[in-house]
Q: 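Here you go, one structure.
For reference, positions follow the sequence shown, starting with 1.
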Amino acid sequence: MLAVSGAGRLLGRRTPAAVLTAAALAQLLGLRLTLRVCWLPATGSVPGRLAAAGRRILAWSPWPPMLTLPLLLATGVAGAVTLGAAYRTSSR
């Protein structure tokens with residue numbers, strides 16, 4: 001929180017976009033690490049490994065795939081829309 005308040009003084013109107021970008025990058029790095037450590041198989045091609053990780057995640061999820069997949073997609077879309085809105089606001 002202290003870093004964000006300091007960024008507000010330095011970046012001015014671009015603060016929301018910068019903070020959201022930093023948060024999105026942190027989430028992506030965390031997702032990459034989690035996939036690599038917990039879900040990806042050790043061998044195979046990259047598309048095959050990602051498909052296997054997706055199957056493993058869906059098998060682990062307590063919800064049915066017909067609910068899990070739209071929720072994952074909606075979360076990604078909501079994040080992209082929020083980031084886009086922050087950039088549009090900061091560029092005005």
Q: From L20 CG over to L25 CG, what is the distance, rounded to the nearest 0.5 angstrom?
A: 11.0 Å

Q: Would you say L67 and W60 are hydrophobically clustered, going by side-chain heavy atoms of ILVMFWY under 4.5 Å?
A: no

Q: Mind listing the closest non-hydrogen atom pair of R49 and L40 along with its distance?
A: O-CD2, 3.4 Å

Q: Which heavy atom in A17 sits nearest to a heavy atom in L83, and how many Å separate them?
A: O-CD1, 4.2 Å

Q: Taking atom CZ of R36 as the centre, report whether more than 12 heavy atoms of other residues, nucleotides or ligands fall under 6.0 Å from it.
A: yes

Q: If I compare all heavy atoms of R13 with all of S90, which pair ends up nearest, and what's the gap?
A: O-CB, 3.3 Å

Q: Give, for atom CG of L72 and atom OG1 of T68, the distance between the pair rounded to the nearest 0.5 Å.
A: 6.5 Å

Q: Do I57 and L71 share a hydrophobic cluster (ILVMFWY, side-chain heavy atoms under 4.5 Å, transitive)?
A: no

Q: Test of understanding: clusters of I, L, V, M, F, W, Y form through side-chain heavy atoms closer than 4.5 Å, transitively. Do L50 and L33 belong to the same one?
A: no

Q: Please tell me if the side chains of R56 and C38 come closer than 4.5 Å, counting only heavy atoms from C-beta onward.
A: no

Q: Could you go through Y87 and T21, starting from their C-alpha distance and side-chain angles, then the distance that decides it, and tell me whether this counts as side chain to side chain contact (heavy atoms under 4.5 Å, CB included)?
A: CA-CA 9 Å; Y87 274 105; T21 300; 2.5 Å; yes

Q: Are V77 and L69 connected into the same hydrophobic cluster when the rule is that any two of I, L, V, M, F, W, Y join if their side-chain heavy atoms are below 4.5 Å apart?
A: no

Q: Do L58 and W39 share a hydrophobic cluster, counting only Ile, Leu, Val, Met, Phe, Trp and Tyr and linking them when any side-chain heavy atoms are less than 4.5 Å apart?
A: no

Q: Nearest 0.5 Å, please: how far is OG1 in T89 from CZ in R14?
A: 12.0 Å

